[in-house]
Amino acid sequence: MSNDSTTPSNDGTLMGVMILTRHGDREGFYQDPLTYTASLTSITPLGTVQEFQLGQQLRGKYLNSHSPLFIPGIAADLFDQTQIHVRADAGGELGVIYDSAVALLQGLFPATPSFTTTLANGTTVEGALGGYQYVPIESVEPANDVSLEGYTNCATFDAATLAFYNSPEFLQKANDSAHFLSLLPPFLDGRPVTLVNIYNIFDYVNVNFIHNATFANSLPPTFLQQVRDLANFHEHGVFTSAQLNGIGNIAGRTILPVMIQELQAIANASNPLKIAYQSLAYKPFLSLFNMTGAAQQNPRLANMVNYAAAVVLEVRQPAGGGDAVLRLKFKNGTDEADFTTYNFLGQTHDVPLTDLINFVDPALINSTSAWCAACNNTQDRGCAALTKAAATGQVSRRDGLVERQGVAERQGLAERSTVFADESVGYQHQAMISPVSAGLVGMSATLAMLGMLMLLGFISVGKGRHSRKD
């Protein structure tokens with residue numbers, strides 16, 4: 001573990017970065033402790049500032065030509081949309097995560113007078129708001145894409161959560177914390193005061209401690225940290241598993257296929273992608289740190305990350321050549337001034353990208369059909385359509401459809417593609433039916449159109465110069 005300011009910069013070439021961030025400060029939030037179904041909330045002005053400043057810090061490191069971490073070839077001032085791909089979770093916390101991405105991008109690619117165009121009449125027009133840059137953000141809707149919220153509507157995950165609540169470890173922790181919990185009701189709003197509901201207790205205390213001066217002054221000095229510690233125990237128990245392919249790791253198992261696709265794209269010198277950015281809730285961080293062994297090597301990573309926390313995976317080409325390697329850096333929100341480099345996968349140096357891929361591959365949930373099977377779901381998030389298709393023999397084992405926005409093979413335009421994630425990461429397929437079936441469908445459609453045109457008198461058969469007799 002080393003501070004980012006002391007990290008050597010002469011050990012290979014930086015090819016690009018993957019950025020994972022938690023959203024900024026928000027209003028109160030409640031989620032069902034059994035299913036993690038969430039309530040609505042909104043980002044606060046503080047949250048936008050936190051994310052904006054994080055964007056500025058990232059810009060200073062990776063888009064500043066005077067920085068030792070400058071990404072070679074990056075369009076640093078006027079962004080190039082072939083070089084950056086942004087995804088934001090549009091699930092439980094709705095606009096908070098998306099708005100956080102907007103704020104961060106304002107700091108990463110600030111307004112510039114270079115964003116201009118010259119009209120045919122010779123007039124030069126500068127973009128709105130002083131040349132504000134509108135970096136495209138892919139809004140990831142959980143109903144259509146399971147990658148960023150694999151844990152919702154997942155029966156096996158819910159069952160594992162309930163099993164954790166009934167485990168000897170949890171029951172012992174509940175017994176040990178019972179006296180402290182009995183002291184909390186005067187500071188709460190009537191919500192259940194149990195260890196099962198501790199995340200919602202922590203959220204209420206934390207939000208009010210930040211925004212309510214009367215509350216902050218009345219809360220005993222140790223209470224916030226005690227509640228946080230219990231919430232850390234709770235969330236780590238829910239969103240991790242001892243087994244790599246355990247259902248508790250599902251938040252990591254569903255996001256990793258997209259991460260690997262984008263890391264491979266950055267590592268591919270012929271691919272223009274330089275920055276892959278995903279704006280998230282706190283849950284995937286717990287699973288990812290657990291699955292990669294980062295939390296085991298660095299116990300502080302086993303806790304919930306703070307608002308505006310950020311992970312950066314630097315993709316590097318070793319000085320001596322060979323396969324791309326990864327360097328993991330983390331900054332826990334505004335509690336820390338700079339990024340720190342952490343070890344993972346049991347190694348004490350940069351980790352080859354292929355090592356990460358080979359290690360996590362057996363646990364990946366890289367298709368909708370695989371998620372439906374893992375979660376024992378036949379109704380939600382596309383599972384009903386797949387179940388019906390399978391019952392009628394219209395879908396093959398490869399037909400787990402996931403809509404992405406050109407993540408695997410960008411050729412210069414940010415255009416939508418349909419990715420069928422399968423045994424090999426990054427596999428892209430353009431058709432949902434076989435070539436023979438496609439031909440039959442096309443022929444049927446053509447005959448139907450010809451029949452309609454003949455009926456309306458727009459075309460006739462057998463009277464043209466090149467007509468052929470029967």
Side-chain angles (χ1 to χ4, degrees), residues 1-21 54 57-77 79-80 82-85 108-109 256 258-278 288-289 291-294 296-298 301 310-331 336-361 407-412 424-426:
M1 184 173 70
S2 62
N3 187 272
D4 196 42
S5 61
T6 63
T7 299
S9 59
N10 58 351
D11 49 350
T13 302
L14 183 61
M15 305 178 75
V17 295
M18 166 165 284
I19 302 168
L20 309 175
T21 65
L54 176 59
Q57 187 172 18
L58 291 167
R59 177 175 177 80
K61 289 184 179 295
Y62 299 110
L63 278 71
N64 176 5
S65 60
H66 300 292
S67 167
L69 297 174
F70 178 69
I71 301 173
I74 190 77
D77 294 322
F79 84 94
D80 178 347
T82 68
Q83 295 184 336
I84 180 170
H85 182 223
L108 189 64
F109 288 101
L256 271 166
V258 181
M259 290 177 58
I260 290 172
Q261 286 177 346
E262 296 188 321
L263 289 169
Q264 288 177 317
I266 294 171
N268 181 354
S270 64
N271 194 303
L273 187 65
K274 301 289 186 184
I275 298 176
Y277 166 39
Q278 306 212 39
L288 289 171
F289 285 150
M291 292 180 69
T292 59
Q296 290 81 342
Q297 289 180 259
N298 312 279
L301 299 183
V311 166
V312 176
L313 282 169
E314 295 179 353
V315 183
R316 293 175 166 271
Q317 178 66 54
D323 294 336
V325 296
L326 303 176
R327 183 173 297 171
L328 171 64
K329 297 182 177 181
F330 175 64
K331 177 179 178 294
E336 299 176 354
D338 205 351
F339 284 81
T340 300
T341 299
Y342 290 90
N343 297 317
F344 66 107
L345 284 190
Q347 304 188 29
T348 56
H349 47 72
D350 293 345
V351 176
L353 173 56
T354 52
D355 284 10
L356 174 64
I357 294 172
N358 293 334
F359 181 76
V360 301
D361 183 69
V407 289
E409 296 297 334
R410 299 169 178 273
Q411 300 278 327
S424 57
V425 176

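For the numbers below, each heavy atom of this structure counts, side chains included, while hydrogens, waters and symmetry mates do not. One-based numbering along the sequence shown.
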Revision key, fill the gap. Residues passing the side-chain hydrogen bond (donor to acceptor under 3.5 Å, both in side chains) test with Asn64, sequence neighbours excluded, are none
Exercise for review: Determine, step by step, whether Thr21 and Tyr277 satisfy the side chain to side chain donor-acceptor pair (under 3.5 Å) criterion, reporting the C-alpha distance in whole Å, the side-chain angles of both residues, the deciding distance to 0.1 Å, and the verdict.
Suggested key: CA-CA 8 Å; Thr21 65; Tyr277 166 39; 3.1 Å; yes
Working to the nearest 0.5 angstrom, can you tell me the gap between [X] [atom1] and [Y] [atom2]?
X	Y	atom1	atom2	answer
Phe344	Arg327	CZ	CZ	10.5 Å
Leu256	Gln261	CG	CD	11.5 Å
Asn268	Met15	CG	CE	7.5 Å

If you define the side chain from C-beta out and look only at heavy atoms, does anything of [X] sit under 4.5 Å from [Y]?
X	Y	result
Pro72	Thr13	yes
Val311	Met18	no
Val315	Leu353	no
Val17	Lys329	no
Asp338	Lys61	yes
Leu263	Leu356	yes
His85	Val258	no
Leu58	Phe339	yes

Donor-acceptor pair, side chain of [X] and main chain of [Y], under 3.5 angstrom:
X	Y	answer
Gln317	Gly322	yes
Gln83	Ile275	no
Glu262	Leu273	no

Which residues pass the side-chain contact (heavy atoms from CB on, under 4.5 Å) test with [X], not counting sequence neighbours?
X	value
Glu336	Arg300, Lys331, Asn332
Phe79	Gln81, Ile84, Phe109, Gln133, Val135, Pro136
Ala269	none
Asp323	Thr354

If you look at every heavy atom in [X] and [Y], which pair is closest and at what distance?
X	Y	result
Ala265	Asn271	O-CB, 3.2 Å
Leu54	Ala310	CD2-CB, 3.9 Å
Gln347	Pro352	OE1-CD, 3.9 Å
Ile266	Gly16	CG2-CA, 3.6 Å
Asn343	Asn298	O-ND2, 3.1 Å
Leu69	Leu14	O-CD2, 3.0 Å

Point to revise | Criterion side-chain contact (heavy atoms from CB on, under 4.5 Å) on Thr292 and Leu328, from CA distance to verdict | key: CA-CA 11 Å; Thr292 59; Leu328 171 64; 5.5 Å; no
Practice item. Under the ring-ring contact (aromatic ring centres under 6.0 Å, His included) rule, collect the residues that match up with Phe289, sequence neighbours excluded. Key: Phe330
Check your understanding: Is there a side-chain contact (heavy atoms from CB on, under 4.5 Å) between Tyr62 and Glu314 once you walk through the steps?
Key -> CA-CA 10 Å; Tyr62 299 110; Glu314 295 179 353; 2.6 Å; yes
